[in-house]
Amino acid sequence: MIEKVDHIGIAVRDLKEAVAIYESILGLELAGYETVDEQKVRVAKMHGGPDCIELLEPSSADSPIARFLEARGPGIHHICLRVDDIETTLARFKERGLRLIDEEPRIGAGGCRIAFVHPKSTGGVLIELSEKKS
Ligand code: ZN
């Protein structure tokens with residue numbers, strides 16, 4: 001089942017610049033940096049109370065975030081939903097006709113198991129599912 005909105009992912013060209021905006025100007029708290037090699041992305045986790053925004057900077061030119069920036073510029077990239085059982089959720093979404101980018105979960109930031117659902121089947125929003133590492 002869906003437990004909560006886990007985070008919002010925002011594509012940025014320059015992580016330092018983006019962190020400065022979110023931290024110094026907007027007043028969110030920097031919780032830490034992480035590089036996720038599998039997704040070719042550098043992540044800065046920003047906390048606003050219990051909620052989280054992930055700033056995503058491509059770590060290589062063929063990163064999905066680099067392609068997103070090229071096509072659409074900086075901005076909201078995805079919304080992540082926390083689920084208790086990612087396999088069951090993926091199977092249910094597939095049954096309901098959603099187009100899955102990942103048929104099988106893979107490892108994302110924080111060691112969570114994640115999978116993406118194609119924006120073409122969700123009204124234009126890239127949805128990430130995340131199951132917390134137990
Ligand atoms: Zn995410």
Side-chain angles (χ1 to χ4, degrees):
M1 285 291 81
I2 309 295
E3 292 178 340
K4 60 179 270 194
V5 174
D6 188 80
H7 63 268
I8 295 168
I10 297 179
V12 305
R13 289 211 169 92
D14 185 315
L15 202 53
K16 264 201 184 127
E17 238 171 59
V19 166
I21 293 170
Y22 278 81
E23 190 175 38
S24 308
I25 301 173
L26 295 174
L28 279 78
E29 183 192 335
L30 174 63
Y33 290 98
E34 187 179 352
T35 299
V36 184
D37 290 327
E38 199 184 347
Q39 291 172 72
K40 298 173 181 168
V41 70
R42 274 187 291 271
V43 181
K45 275 188 191 262
M46 309 299 303
H47 284 175
D51 298 316
C52 180
I53 290 175
E54 290 188 2
L55 303 175
L56 311 164
E57 177 194 63
S59 61
S60 86
D62 62 342
S63 161
I65 296 298
R67 290 197 297 271
F68 178 91
L69 287 168
E70 215 168 276
R72 300 170 67 170
I76 294 178
H77 178 260
H78 67 270
I79 290 176
C80 178
L81 303 175
R82 167 101 55 87
V83 297
D84 59 350
D85 179 342
I86 197 165
E87 269 94 3
T88 304
T89 308
L90 284 171
R92 189 171 299 132
F93 280 6
K94 201 174 174 180
E95 237 173 60
R96 293 174 182 167
L98 291 184
R99 187 166 143 202
L100 305 179
I101 294 173
D102 302 299
E103 301 262 337
E104 300 290 332
R106 53 198 167 102
I107 301 301
C112 292
R113 300 201 308 145
I114 63 157
F116 284 95
V117 181
H118 202 286
K120 282 215 166 105
S121 62
T122 58
V125 178
L126 177 63
I127 302 283
E128 177 183 16
L129 301 175
S130 170
E131 182 190 297
K132 216 177 179 183
K133 196 167 76 172
S134 49

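All ligand and atom numbering here is 1-based and tracks the order in the structure. Positions are given from 1 along the sequence.
The environment of NZ in Lys94 is sparse: at most 12 heavy-atom neighbours from other residues, nucleotides or ligands sit within 6.0 Å. For Arg72, the CZ atom sits in a loose shell: 12 or fewer heavy atoms of surrounding residues, nucleotides or ligands are nearer than 6.0 Å. Crowding of Ile76 atom CD1: a count of heavy atoms from other residues, nucleotides or ligands under 6.0 Å not exceeding 12.
For the pair His78/Phe68, no side-chain contact is recorded, criterion being any heavy-atom separation below 4.5 Å from C-beta on.
Take a cut-off of 2.8 Å around the Zn ion (ligand 1): the protein N, O or S atoms inside it are His7 NE2, His78 NE2, Glu128 OE1.
Of the options Glu128, Glu131, Glu104, a salt bridge (Lys or Arg N to Asp or Glu O under 4.0 Å) to Arg113 is made by Glu131 and by none of the others. Just one residue in the list Thr88, Leu98, Thr122 forms a side-chain contact (heavy atoms from CB on, under 4.5 Å) with Phe93, and that residue is Leu98.
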